[in-house]
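Below is one structure, written out as structure tokens, with a few remarks after it.
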4 protein chains.
Amino acid sequence: MGAAKRKRVPRAVREQQMMDAAVRTFARCGYRAASMDEIAERAGVSKPLVYLYLHSKEDLFGAVVRRESAALVAAVTAAVEPGAAADRQLWSGLAGFFAHTAAHPDGWAVLHQQARAQGEPFVVEVAAMRAEIVRFVTGLIGAAAKEAGCAGELADREAAGLAHALVGAAESLAEWVNAPTAEGTSSAVGAAPDRPTAEEAAGTLMNFAWTGLDRRMRGARWAPA
Amino acid sequence: MGAAKRKRVPRAVREQQMMDAAVRTFARCGYRAASMDEIAERAGVSKPLVYLYLHSKEDLFGAVVRRESAALVAAVTAAVEPGAAADRQLWSGLAGFFAHTAAHPDGWAVLHQQARAQGEPFVVEVAAMRAEIVRFVTGLIGAAAKEAGCAGELADREAAGLAHALVGAAESLAEWVNAPTAEGTSSAVGAAPDRPTAEEAAGTLMNFAWTGLDRRMRGARWAPA
Amino acid sequence: MGAAKRKRVPRAVREQQMMDAAVRTFARCGYRAASMDEIAERAGVSKPLVYLYLHSKEDLFGAVVRRESAALVAAVTAAVEPGAAADRQLWSGLAGFFAHTAAHPDGWAVLHQQARAQGEPFVVEVAAMRAEIVRFVTGLIGAAAKEAGCAGELADREAAGLAHALVGAAESLAEWVNAPTAEGTSSAVGAAPDRPTAEEAAGTLMNFAWTGLDRRMRGARWAPA
Amino acid sequence: MGAAKRKRVPRAVREQQMMDAAVRTFARCGYRAASMDEIAERAGVSKPLVYLYLHSKEDLFGAVVRRESAALVAAVTAAVEPGAAADRQLWSGLAGFFAHTAAHPDGWAVLHQQARAQGEPFVVEVAAMRAEIVRFVTGLIGAAAKEAGCAGELADREAAGLAHALVGAAESLAEWVNAPTAEGTSSAVGAAPDRPTAEEAAGTLMNFAWTGLDRRMRGARWAPA
DNA sequence: CATGAATGAGTGTTCATTCAT
DNA sequence: GATGAATGAACACTCATTCAT
């Protein structure tokens, strides 16, 4: 009696609620500044329950990082059309990336800003996820080169470098595009009219990157002199 | 005996020593996890002296961010040849950027990872510095468009977007190139034994970006269909 | 084993224990010199618990001041016989005051010496309590004047001044009476071996003050010439 | 050169300047909260000089207490007319007391609020000074009793109690009278019109106390029944 | 004589974490 | 299963105090 009796909720659901609260809190305060008290309160449970289910702050953060990493990779993977041409695949993957980060800014902040700022265990985890994406992009670039009929022209190492650059460009663009206004909900009914959609952002980047890649794959080169 | 008892050192010098220690500590532990005790010890002074000169942890971090920001901007600025062609300027600026981040990884980590993960005062400060660089790159892209004789073709807003993408690509490449070991998990290509020089990294990026920009400025466009 | 490990005690009780410890510590060391460590130890709990319940040193001191103020006012109020004559009421109130300060010397020290030596928030609080008592005494003086049939003779402002003087006299007497040892330096009379009871002290003060008030109310005046 | 060369000043003068600064600082912040840095700065000298002359914070506070004690006693002593009648002497002494405390509120605050709130060494010192004044008043009361021709009627112990009460009443009245407006300068050109002068305050107190004493000395008594 | 440089020791405060109920 | 009660360990910050110059 009294303050709205807590409903009995299965463990899996409670864990998700806790992680939801943790994502928000970690994104807004940073890993260290976020307190377990605040997370528990935001999740609407008592602190010992958080420890019972998720064992420690470090474990909780790790779980959050893994969940958000998986969600991002899943979103990008689901966005690409498997059989399409390499450029089309790249474009749709980028669109998926922009859409997901726009829809889940807190998750993206945890991955991109918080996890990378903490020590060993987390940087590695998020780096692995990023490496997976880079590898995927590297593959697309290689495939495109093959499609263009000039396989040997582009060394594996250079392709990897280009993929890294492209992924970095996408991240930077995502931050720029999502920055000014605050946490939009997913449905996006009231989005500002001048904020580009995910597809537009992907188009802008392709416009810049793909043409460069395309010419590079055909043997063009820039030299300082 | 032992650790040179209480050497008298002028204030300006001590402040630099403290900030050096702070850069290392903040880069390795993050802002919150770094303790003033550790910073003081690494600087070879007592904690009260740090407070006497730099007033608070927040002030110290701010001073560090400003010093490293200024150093990075100075390095990039010093690297470009003022009268040269736009592409040449871009290349040399990129080379300066890669060289500086490779030479000062801790400073770069503080700017790129730590300061952006903390709240209001610092994100703004480092964002301002980044904006300055983006503006410079935007200017170069505009100049290049003019040199190429196709001024009206490229909207200001698109040029800014391209600049953002390019800076992001450079940051990403810098992290890849300067990484202690490769982040590959499975088989992968792995890190090359010979880390590329700053000029090489700048070349790789120009090779990818400039050719794309060049074609884009001449009206080429990529479209999803 | 040893000091009763972690006994579970309800919050309300623990808070009183903490405040008891705080009263002793603040009275003996002063507000600033008292350390939260010492208070916690004397209360038999750990420091974080003190902070969990009482939030800060300032809050703790404020809570102590309020509790002791209320206790003193309650003791004085409870001592007076509501229907009695004004002089009788005054006498019994004084007796209550002397009895309470003698029984709770630490509480009295916190109110009279420590709280008044600290800044804004506390001086005001204790001044308000004192003003309440002064107001009560002022009322009694006025009532006595009416009883004596000479209402207009005594201006309100003079009555307030007399009340202030009387309260000050009582405070001073209380300190003298409750002093651990006499403060005489040279020969002096020294402390009497038998400390007067509260009723005796009240009598002494009435003997001095009431006769003066009585004559003053009948129009007597002292003039320097 | 540069910032107004400090004039060479004899030690005795410098010490007085330091103690002036200390009185202000101790009165406003309290003993513990006052920092030697602030005192030195307010005195316009460097901190080591304060230590050279006054050895420690405790010594400095002690010196201040002694100086202000002596000044108060001297002011009261100088105010009484040696040969006059006892009541006249008491009145003029009270007037001296009110005048001095009004003119030196910081000194009075240090004696009455700060010194009494600190531990052993200072409470004793200020208590001794107070005892001296109480003894003087006790003597006056005895003399008055003798003048009134009823020596045996008033026991020494009761006279001492009355003196304590009278001194307490004076202190309380002084605080009431000096409280509302802030630190007036000594000359008192712009004093509020409704703040009583020292002579008026002394008159009020005599009006109340002396008539009571007078009757008491003639054998009158108040009794609870 | 006077001071900038320097520190040991301590303060209030917070947090992740556990147990008894 | 869920929670109020409780703590060990650490951290940012301050201050009285002393040398070397």
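Chain letters run A, B, ... following the sequence lines, proteins first, then strands; residues in each count from 1.
Aromatic ring centres of Trp108(C) and His104(C): separated by at least 6.0 Å.
Defined by atom type and a distance below 3.5 Å, a donor-acceptor pair is missing between the side-chain atoms of Gln118(D) and Arg32(D).
Taking side-chain N and O atoms only, Arg14(B) has no distance below 4.0 Å to OP1 or OP2 of dA5(E).
Residues from residues 22-54 of chain C with heavy atoms under 4.0 angstrom of DNA chain E, sorted by number: Ala34(C), Ser35(C), Met36(C), Lys47(C), Pro48(C), Tyr51(C).
Checked for salt-bridge contact, Arg42(A) and Asp20(A) miss the test: no charged N lies under 4.0 Å from a carboxylate O.
Using a 4.5 Å heavy-atom threshold, the side chains of Leu54(B) and Asp59(B) count as separate. Considering only heavy atoms from C-beta on, Arg130(D) stays 4.5 Å or farther from Val126(D) through its side chain.
Ranked by how close their nearest DNA chain E nucleotide is to the 5' end, Glu58(C) and Arg11(B) are led by Arg11(B).
When the C1' atom of dT14(F) is taken as reference, atom NZ of Lys57(C) falls 13 Å away, rounded to whole Å.
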* CA sep, side-chain torsions, deciding dist, call: Leu60(C), His55(C), side-chain contact (heavy atoms from CB on, under 4.5 Å) -> CA-CA 7 Å; Leu60(C) 171 56; His55(C) 313 113; over 6 Å; no
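Judged by a 6.0 Å distance limit and a 45° cone about the ring axis, Lys57(B) is not positioned over the six-membered ring of Phe26(B).
The aromatic rings of Phe61(C) and Tyr31(C) sit tilted, their planes meeting at an angle between 30° and 60°.
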* For DNA chain F, produce a single dot-bracket line, 5' to 3'. Pairs: Watson-Crick or G-U wobble, both distances under 3.5 Å. Symbols: ( ) within strand, [ ] crossing, | other strand, . unpaired. => .||||||||||||||||||||
